[in-house]
Amino acid sequence: MTSGCRKEQSDGKGYLFKYTMVQNPQNLDPQIAVDSNSITVISNTYTGLMTKDINGNVVCGVADSYTVSDDGLTYVFYLKKDYKWYTFDNTSFDVTADDFVFAFYRLFNPEMQSPYGEKFSCLKNAKAILNGSEDLTYSDVGVYASDKYTITFLLDTPNADFLNLLTQSFAMPCNKTFFESTHSTYGLYDYSTVSNGAFYIKQWFYDKYGSDNFLTLRRNPVNPQYDEYSPYAIQLTIDEKSTLDDVQHSFYKDETDLYYCNSLDKSSIDRNDVVTSYDISTVGLVFNTQDTQFKEKSLRNAFAYSVNREKALKKSNSDIDLAYGIVPKSCKVYGKYYRDTISDTSLTEHLSQDEVLQNFNTAKDILGEISDVRIIMENGIDSAYIKSIADEWQKLFNINVLIEPLSAEEFNKSVESNDYQIAIYSLNSTDDSPYSFLKYFLSTSENFNYSNLQVDTLLKASEQCLNSTDVVTMYSQVEESILHDIVYVPLYYNKSYLVCGTGIDKIEYNPFNYVLNFDYALNYNQED
């Protein structure tokens with residue numbers, strides 16, 4: 001009889017995660033930080049009134065409960081009494097309502113130069129303060145603490161996204177006493193940082209002339225959810241001489257547990273690696289409605305409805321998804337994927353080839369002979385995909401279609417000066433809201449010479465809704481209206497990828513701003 005040792009399956013907890021940053025975090029002050037590395041650290045070291053669970057749902061964080069008035073203009077939050085601040089030198093003290101009030105004052109205090117005040121322009125007096133009112137100061141913004149553990153927000157207009165905004169980095173609390181004790185170094189060194197989140201900064205070493213720079217996060221021992229957070233530490237290597245390609249090489253040498261990228265060589269991926277892809281931007285056709293030919297909608301109809309996305313995809317060497325809508329698939333409303341409710345294919349009208357040709361002939365009757373058509377596109381766009389579409393137009397309409405690749409500067413200049421007939425335009429955003437893509441088409445944005453009163457009205461109304469169902473309905477109506485006008489024709493979605501090592505799970509990644517959260521991260525492949 002023989003016996004042997006069997007490796008026990010780990011529960012995934014208690015692991016030290018390794019991750020490489022290609023830039024040093026610029027500032028760990030939540031009301032100031034804008035770069036993804038800083039916000040990644042803030043995301044792991046702070047907890048707001050509201051937070052997001054592992055499924056992306058907005059749930060209570062420091063808040064124990066909250067109430068919302070029927071008109072959506074008053075939010076009252078009742079704080080948990082066991083949340084503590086924890087500092088570099090292992091001291092702790094209570095998190096209170098005043099810490100959130102002070103944070104919001106900082107958003108609107110012009111001396112702080114926070115870029116985030118506009119995010120909360122729905123608050124009472126906020127717009128007037130942001131516009132430099134002589135009668136109001138930052139302390140007049142609609143937020144106050146009625147006692148140590150109760151905070152009230154007063155709004156001028158309802159905002160369906162208000163609870164979600166409270167989960168963002170810029171809405172994290174700030175303790176006034178600690179802030180003032182740092183003497184203008186708040187968030188710049190390990191000793192001038194403080195945490196109320198899952199982790200705290202144990203050590204931050206950075207020498208811009210040296211190497212071996214790093215930032216170490218340890219699980220916060222005074223956090224009331226200490227046992228729920230999975231890793232015991234996160235080791236962040238700071239290597240400013242590295243590129244994202246170098247980080248990928250480090251991953252394959254087991255020097256880091258994960259990396260993200262916007263293009264992926266699938267042949268390099270180990271079959272046991274965990275790869276998650278996200279649709280994060282929309283590439284489409286923009287017709288110049290000021291052009292002598294494409295001002296005619298029947299011509300735009302002919303070109304738009306003759307696009308064969310499926311055939312073009314077969315010509316492409318890129319890992320892309322077909323797009324029929326403006327909003328990419330990774331966008332969310334209240335933590336739920338927008339496309340799970342509104343399929344992009346449900347928004348698309350279809351015309352037969354006979355109907356397409358009828359539209360083309362109608363355009364010829366109005367415009368006379370259709371001359372050569374010029375497409376401009378920025379270098380880096382999937383040229384094989386676009387060429388397939390252009391070839392089909394040439395065959396179907398018996399015209400010449402010229403494709404002109406341009407540098408980013410040349411492309412933007414041509415679009416701004418209306419020096420194009422068709423432009424291949426990529427819609428991008430740093431957040432996951434459908435609104436951030438649809439706002440390209442607001443009249444005030446002055447993009448694409450487009451103006452539609454219904455679009456303007458619906459998008460404004462969507463910001464003042466009280467429930468997600470109404471918001472989703474309005475967004476879908478906006479998409480339908482824009483697509484019906486045949487100004488922008490979606491072609492495909494570009495992707496971002498998160499690649500994790502074998503057995504790694506539950507790392508939260510925002511592909512729009514490249515922020516990572518390790519609160520519930522697991523590694524089942526470690527030895528138990």
Side-chain angles (χ1 to χ4, degrees), residues 29-33 39 42 46-52 58-81 83-85 93-180 186-187 194 196-197 334 431 463-466:
D29 179 342
Q31 280 73 57
I32 302 297
I39 297 174
I42 291 167
Y46 283 82
T47 300
L49 287 168
M50 306 298 291
T51 189
K52 291 184 179 179
V58 176
V59 297
C60 286
V62 176
D64 185 48
S65 62
Y66 64 92
T67 61
V68 185
S69 62
D70 291 341
D71 59 8
L73 298 179
T74 303
Y75 288 73
V76 181
F77 293 87
Y78 304 94
L79 276 58
K80 295 168 183 170
K81 298 180 180 179
Y83 261 87
K84 305 276 186 187
W85 290 107
F93 46 95
D94 292 341
V95 177
T96 70
D98 283 335
D99 297 332
F100 287 96
V101 172
F102 182 60
F104 274 80
Y105 283 178
R106 296 184 68 234
L107 288 177
F108 292 93
N109 184 344
E111 292 183 6
M112 295 292 104
Q113 297 184 346
S114 172
Y116 296 114
E118 188 66 34
K119 296 287 187 179
F120 284 98
S121 60
C122 61
L123 289 174
K124 184 177 180 180
N125 296 329
K127 289 183 178 179
I129 295 168
L130 291 170
N131 290 332
S133 169
E134 296 182 0
D135 299 323
L136 298 169
T137 70
Y138 62 86
S139 61
D140 293 311
V141 73
V143 53
Y144 66 90
S146 52
D147 60 46
K148 186 175 181 180
Y149 295 107
T150 306
I151 183 171
T152 299
F153 292 90
L154 303 176
L155 280 63
D156 277 333
T157 57
N159 188 328
D161 200 43
F162 188 72
L163 294 177
N164 179 58
L165 285 171
L166 294 177
T167 71
Q168 304 299 309
S169 60
F170 44 80
M172 297 302 102
C174 181
N175 182 269
K176 184 178 181 180
T177 301
F178 182 85
F179 172 79
E180 292 177 344
Y186 184 66
V194 64
N196 78 318
Y334 280 28
D431 69 65
E463 295 185 281
Q464 301 178 14
C465 280
L466 297 178

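Worth saying up front: this structure is predicted, and the values here are computed from it rather than measured.
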Neighbour count >12 (heavy atoms, 6.0 Å) for atom OH, Y138: no

Just grab all the salt bridge (Lys or Arg N to Asp or Glu O under 4.0 Å) pairs involving residues 96-105, residues at least two apart or on different chains. none

Nearest heavy-atom neighbours spanning G61 and T47: CA-CG2, 3.9 Å

Given the rule in the side chain to side chain contact (heavy atoms under 4.5 Å, CB included) test, do N175 and F93 qualify, once you have shown the distances and angles that lead to the verdict? CA-CA 10 Å; N175 182 269; F93 46 95; 3.6 Å; yes

To the nearest 0.5 Å, tell me how far C174 SG sits from N196 CG. 11.0 Å

Considering residues at least two apart in sequence or located in another chain, which fulfil the ring pair (Phe, Tyr, Trp, His ring centres under 6.0 Å) criterion with Y149? none

Value for OG (S169) from CD1 (I39), rounded to nearest 0.5 Å, stands at 4.0 Å

Pairs in or reaching into residues 125-151: which pass salt bridge (Lys or Arg N to Asp or Glu O under 4.0 Å), with residues at least two apart or in two chains? D94-K148

For K124, look at atom NZ and say whether over 12 heavy atoms of other residues, nucleotides or ligands are found less than 6.0 Å away. no

Who passes ring pair (Phe, Tyr, Trp, His ring centres under 6.0 Å) against F178, sequence neighbours left out? none

Partner residues of P158 under the side-chain contact (heavy atoms from CB on, under 4.5 Å) criterion, sequence neighbours left out: L73, Q464, L466

What do you reckon, is NZ of K119 surrounded by more than 12 foreign heavy atoms closer than 6.0 Å? no

Rounding to 0.5 Å, atoms SG (C60) and NZ (K80) come to a distance of 6.0 Å

Atom pairs and distances, donor-acceptor, side-chain atoms in residues 104-112, under 3.5 Å, two or more places apart:
residue	atom	partner	partner atom	Å
R106	NH1	D29	OD1	2.9
R106	NH1	Q31	OE1	2.7
R106	NH2	D29	OD2	2.5
N109	OD1	E111	N	3.0

By side-chain contact (heavy atoms from CB on, under 4.5 Å), S65 pairs with (sequence neighbours left out) Y78

Determine whether W85 and P173 make a side-chain contact, defined as any pair of heavy atoms from C-beta on separated by less than 4.5 Å. yes

Which atom names give the shortest non-hydrogen contact between F170 and L165, and what distance separates them? CE1-O, 4.0 Å

Check the pair L163, Y334 against side chain to side chain contact (heavy atoms under 4.5 Å, CB included), reporting the backbone distance first and the verdict last. CA-CA 9 Å; L163 294 177; Y334 280 28; over 6 Å; no

Between atom CG of D64 and atom CG of L79, what is the distance when rounded to the nearest 0.5 Å? 8.5 Å

Nearest 0.5 Å please: distance from the OG1 atom of T167 over to the OH atom of Y46. 16.0 Å

Is V62 close to F100 at the side-chain level, that is, under 4.5 Å between some pair of heavy atoms? yes

Using salt bridge (Lys or Arg N to Asp or Glu O under 4.0 Å) as the criterion, list what pairs up with K176, not counting sequence neighbours. none

Stepwise, does the side chain to side chain contact (heavy atoms under 4.5 Å, CB included) test hold for F120 with L166? CA-CA 10 Å; F120 284 98; L166 294 177; 4.0 Å; yes

Can you list everything that forms a side chain to side chain donor-acceptor pair (under 3.5 Å) with T74? Sequence neighbours excluded, please. none

I need the full list of side chain to side chain donor-acceptor pair (under 3.5 Å) pairs touching residues 151-166, with sequence neighbours left out, sorted by first then second residue. K52-N164, D161-N164

With no hydrogens and no angle check, is any side-chain donor or acceptor of N131 less than 3.5 Å from a backbone partner on S133? no

Under 3.5 Å: donor-acceptor pair, side chain of Y116, backbone of A33: yes

Those residues at least two apart in sequence (or on a different chain) that pass side-chain contact (heavy atoms from CB on, under 4.5 Å) with V68 are Y66, Y75

Taking the six-membered ring for Trp and the full ring for Phe, Tyr or His, determine whether the centres of F153 and F162 are under 6.0 Å apart. yes

Residue set satisfying side chain to side chain donor-acceptor pair (under 3.5 Å) with D71, at least two apart, ordered chain then number -> S69

